[in-house]
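One structure below.
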Amino acid sequence: MTARSYLRKGGFYLLVGVIVLQAVFPFYYAILTSLESGQAIFDVNYLPHVIDLSNYRAAFANGVFGHQILNSVFVATLVVVLSMLLAVTASYALARVPFKGRALLLLTVLSVSMFPQIAVLSGLFEVIRMMGLFNSLWSLIFSYMIFTLPFTVWVLTTFMRKLPSEIEEAAIMDGAPPLVIIRRIFLPLLWPAMVTTGLLAFIHAWNEFLFALTFLSTDGQRTVPVAIALISGRSEFEIPWGNIMAASVIVTLPLVVLVLVFQRKIVSGLTAGAVKG
């Protein structure tokens, strides 16, 4: 190898190292801070000197934070399940059933997801209050699906359009109805795309803050992003960084585990564009 090749390879690995460091270091330092207490939190160090789990014990001391984690799990899971059920059937109609205005309808679906949350907050609040869903987890499920469903429909429609029509025509010739075609033919082929879009919808619902802060008013109903934001010290001059970092690590770990478990499906869903014969 020439000197230029070594330099190019070294520059590549240096760039990758900088990107990984920038992405991982904040989470690493959050873990480091969560394992410290007292004055040690304010000492600048990059290796743990003493491992103290008191911040983690304090997070679950009153029992509310554990319930708030379950609230987030319930909301995010139900948003993903409902979005996938509706998106699969909608994407089949938009990709496979010819009708007038199909392109305009798909463009309208995509444009809905482009609205900023703050732009629809006041109107959505009135709808939530009129439906009697204020301070209910169903208000979050309803509002989150307004933004997750258009995205999942768009992605699955784009993916389904690339599937060969011959497999559908063969099923129709065998007398299979549309629901059977979706369940037995398209769902196995759409699995990588569904995992990718479902995981992104789960992350959005898990991390969402604005709607959760506006539509929920009691600690027992709040989700974890709002719960972490409302962690306070014993006085107005104290910010409990240790407790905040411990709670942040606790709610981030499930997302990390999900990404690691489904990483192959995620890559397949992002890069899929054809069916292997």
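These numbers come from a predicted model, not from an experiment. Heads up: numbering here begins at 1 and tracks the sequence.
You'll find the side chain of L70 stays beyond 4.5 Å of the side chain of F74, heavy atoms only. Using a 4.5 Å cut-off on side-chain heavy atoms (C-beta onward), L124 and I146 make contact. Within the 4.5 Å cutoff, the side chain of T152 has no heavy atoms near those of the M194 side chain.
Residues satisfying the side chain to side chain contact (heavy atoms under 4.5 Å, CB included) test with S91, not counting sequence neighbours, are L156, T157, M160. In terms of the ring-ring contact (aromatic ring centres under 6.0 Å, His included) criterion, Y28 has no residue partners (sequence neighbours excluded). The side-chain hydrogen bond (donor to acceptor under 3.5 Å, both in side chains) search around R161 returns none, not counting sequence neighbours. By the side chain to side chain contact (heavy atoms under 4.5 Å, CB included) test, A58 pairs with N243, sequence neighbours left out. A search for side chain to side chain contact (heavy atoms under 4.5 Å, CB included) contacts involving V251 returns F65, W206, V224, I228, not counting sequence neighbours.
Among all heavy-atom pairs drawn from F147 and V120, the shortest one is CZ-CG2, 3.8 Å. Across all their heavy atoms, A212 and L140 have their closest contact at CA-CD2, 3.6 Å. S72 and T223 make their closest contact through OG-CB, 3.2 Å (heavy atoms, listed as atom of the first residue, atom of the second, distance). Across all their heavy atoms, G198 and V80 have their closest contact at O-CG2, 3.4 Å. The shortest heavy-atom contact between N135 and Q221 is O-NE2, 3.3 Å.
The OG1 atom of T89 lies 9.5 Å from the CG atom of L94; values are rounded to the nearest 0.5 Å. The structure places CE of M84 at 11.0 Å from CG of L187, a figure rounded to the nearest 0.5 Å. Here the CG-CZ distance, from L78 to F202, works out to 11.5 Å after rounding to the nearest 0.5 Å. The line from CG of N71 to CD1 of I69 is 10.0 Å long, rounded to the nearest 0.5 Å. To the nearest 0.5 Å, the span separating OG on S248 from CD1 on I231 amounts to 7.0 Å. Taking CG of L32 as the start and CG of L47 as the end, the distance is 7.5 Å to the nearest 0.5 Å.
Side chain of N55 to main chain of E36: a donor-acceptor pair is present (N/O by atom type, distance under 3.5 Å, no hydrogens or angles). Without hydrogens or angle criteria, Q68 side chain to D219 main chain gives a donor-acceptor distance under 3.5 Å. In this structure, R222 contributes its side chain and S217 its backbone to a donor-acceptor pair below 3.5 Å. In terms of modelled atom types and a separation under 3.5 Å, the side chain of Q117 and the main chain of L121 share no donor-acceptor contact. A donor-acceptor contact shorter than 3.5 Å links the side chain of S139 to the backbone of S136. Without hydrogens or angle criteria, E208 side chain to F211 main chain gives a donor-acceptor distance under 3.5 Å.
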| request: Evaluate side-chain contact (heavy atoms from CB on, under 4.5 Å) for I250 paired with M245, printing each intermediate quantity in order. | output: CA-CA 9 Å; I250 292 170; M245 291 299 103; over 6 Å; no

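Note on ring orientation: taking the six-membered ring where Trp is involved, the planes of Y144 and H204 are perpendicular (angle over 60°, cut-offs 30° and 60°).
Aromatic pair F60/Y56: centroids not less than 6.0 angstrom apart.
L21 and V24 fall into different hydrophobic clusters, where Ile, Leu, Val, Met, Phe, Trp and Tyr residues are linked whenever their side-chain heavy atoms come under 4.5 Å apart, directly or through other members. Using a 4.5 Å cut-off between side-chain heavy atoms of Ile, Leu, Val, Met, Phe, Trp and Tyr, with links allowed through other members, V81 and V261 fall into different hydrophobic clusters. Hydrophobic clustering (ILVMFWY, side-chain heavy atoms < 4.5 Å, transitive): W138 and F142 are in one cluster. The hydrophobic cluster containing F159 also contains L86, counting ILVMFWY residues as joined when their side-chain heavy atoms lie under 4.5 angstrom apart, directly or transitively. The cluster map of Ile, Leu, Val, Met, Phe, Trp and Tyr, joined by side-chain heavy atoms under 4.5 Å apart, puts F209 and V64 in different clusters.
Sparse packing is recorded around CD of Q22, with 12 or fewer heavy atoms of other residues, nucleotides or ligands lying under 6.0 Å away. Heavy-atom contacts from other residues, nucleotides or ligands closer than 6.0 Å to OH of Y13 number 12 or fewer. Around atom CD1 of I51, no more than 12 heavy atoms belonging to other residues, nucleotides or ligands sit under 6.0 Å away.
Counted by atom type alone, T148 and S83 present one or more donor-acceptor pairs between their side chains at under 3.5 Å.
For the pairing with L258, the side-chain contact (heavy atoms from CB on, under 4.5 Å) check across L253, L199, I203 returns one residue only, L199.
L260 belongs to a hydrophobic cluster whose other members, connected by ILVMFWY side-chain contacts under 4.5 Å either directly or through intermediates, are V256.
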